[in-house]
Amino acid sequence: MKEIVLATAFALAAGAASAVELGVTATRDYSGDNRNFGGVTLGQKFGAAGVTAGFERSTVGGNDQNRWSVVGSYDVAKLGPVVVAPRLGVAYLDNQNSENGYAMTVGLGATVPVTKQVSVGLAVDRQYGQDRVNQFDGNRVTAAVKYSF
């Protein structure tokens, strides 16, 4: 019985999902060090809602950083081909020379389809970290290219 329930849940989730997106990102972080990040994302859309997992890396200065994140979004407006969505997420900051910790992000993103499967996006987020990583608090601007399957 448990297997039937799980199989039904997976089938419903797959049917509700409209697209899996694989992306490449470039981010400018306007915290104390004003660093550039490069990264990859994997996302899933469920109608107007979306969830994206990401990995970014910065190697500027003496404190390299790996940034792992999960961001949720919800499409609220469509202006011509542009889809606008508020974003809320959490990130784990893995620092080379300072303490590691968690941060919350809140922001707004816009996506424009280029073809049926390729889109470009721009997001502006504000990051708020734990006390041990609050030196990385600040605004983040991310440009992305995504391919939908």
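Worth knowing before you read on, the calculation uses all heavy atoms, side chains too, and leaves out hydrogens, waters and symmetry mates.
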**Q** How far does CZ of Phe55 sit from CG of Leu42, to the nearest 0.5 angstrom?
**A** 14.5 Å
**Q** Testing Asp29, Thr25, Asn66, Thr59 one by one against Phe37 for a side chain to side chain contact (heavy atoms under 4.5 Å, CB included), which residue passes?
**A** Asp29
**Q** According to a 4.5 Å side-chain heavy-atom criterion applied to Ile, Leu, Val, Met, Phe, Trp and Tyr, with indirect links allowed, do Phe149 and Val51 form part of one hydrophobic cluster?
**A** no
**Q** Please check if the side chain of Asn134 supplies one atom and the backbone of Gly129 the other of a donor-acceptor pair under 3.5 Å.
**A** no
**Q** Would a single hydrophobic cluster contain both Val114 and Val145, if residues Ile, Leu, Val, Met, Phe, Trp and Tyr are joined by side-chain heavy-atom contacts under 4.5 Å?
**A** yes
**Q** Between Val106 and Tyr128, does a side-chain contact (heavy atoms from CB on, under 4.5 Å) hold up when you go through it step by step?
**A** CA-CA 9 Å; Val106 61; Tyr128 302 95; 3.9 Å; yes
**Q** Sorted by first residue and then second, give each salt bridge (Lys or Arg N to Asp or Glu O under 4.0 Å) pair with at least one member in residues 48-76; sequence neighbours left out.
**A** Lys45-Asp75, Glu56-Arg67, Glu56-Arg140, Arg57-Asp64
**Q** Just so I know, are the side chains of Asn36 and Thr27 near enough to count as touching, which here means a heavy-atom distance under 4.5 Å?
**A** no
**Q** Do Val112 and Val82 come close enough that some side-chain heavy atom pair is under 4.5 Å?
**A** yes
**Q** Looking at Tyr102, is its backbone amide N or carbonyl O close enough to the side chain of Gln130 to form a donor-acceptor pair, meaning the two atoms are under 3.5 Å apart?
**A** yes
**Q** From Thr142 OG1 over to Asp125 CG, what is the distance, rounded to the nearest 0.5 angstrom?
**A** 6.0 Å
**Q** Output the distance between atom NZ (Lys146) and atom OG1 (Thr52), rounded to the nearest 0.5 Å.
**A** 5.0 Å
**Q** State the CG-CG distance between Asp94 and Asn100, to the nearest 0.5 angstrom.
**A** 4.5 Å
**Q** Got a second to check how far Ser148's OG is from Glu21's CD, nearest 0.5 Å?
**A** 4.0 Å
**Q** Please tell me if the side chains of Gln65 and Gln96 come closer than 4.5 Å, counting only heavy atoms from C-beta onward.
**A** no
**Q** Determine, step by step, whether Gln135 and Ser98 satisfy the side-chain contact (heavy atoms from CB on, under 4.5 Å) criterion, reporting the C-alpha distance in whole Å, the side-chain angles of both residues, the deciding distance to 0.1 Å, and the verdict.
**A** CA-CA 10 Å; Gln135 71 267 29; Ser98 62; 3.7 Å; yes
**Q** Kindly give the heavy-atom pair with the smallest separation between Pro81 and Pro113, and that separation in Å.
**A** O-CD, 3.2 Å
**Q** Would you give the length of the straight line joining atom CE of Met104 to atom OG of Ser69, rounded to the nearest 0.5 angstrom?
**A** 14.0 Å
**Q** Report whether Val83 and Tyr147 are members of the same hydrophobic cluster (ILVMFWY, side-chain heavy atoms less than 4.5 Å apart, transitive linking).
**A** no
**Q** Would you please indicate yes or no on a ring centroid separation below 6.0 angstrom for Tyr92 and Trp68?
**A** no
**Q** What heavy-atom pair brings Ser58 and Arg35 nearest, and what distance separates the two atoms?
**A** OG-CB, 3.5 Å
**Q** Check whether Val133 and Val70 end up in the same hydrophobic cluster, where Ile, Leu, Val, Met, Phe, Trp and Tyr are linked by side-chain heavy atoms less than 4.5 Å apart.
**A** no
**Q** Go through the steps to decide whether Thr105 and Leu88 satisfy the test side-chain contact (heavy atoms from CB on, under 4.5 Å), and finish with yes or no.
**A** CA-CA 6 Å; Thr105 59; Leu88 181 63; over 6 Å; no
**Q** For the residue pair Arg87 and Ser73, what are the closest heavy atoms and their distance?
**A** CG-CB, 4.3 Å
**Q** Considering only heavy atoms from C-beta outward, does the side chain of Thr41 approach that of Leu22 to under 4.5 Å?
**A** no
**Q** Would a distance-only check, ignoring hydrogens and angles, find a side-chain to backbone donor-acceptor pair under 3.5 Å from Gln127 to Phe136?
**A** yes
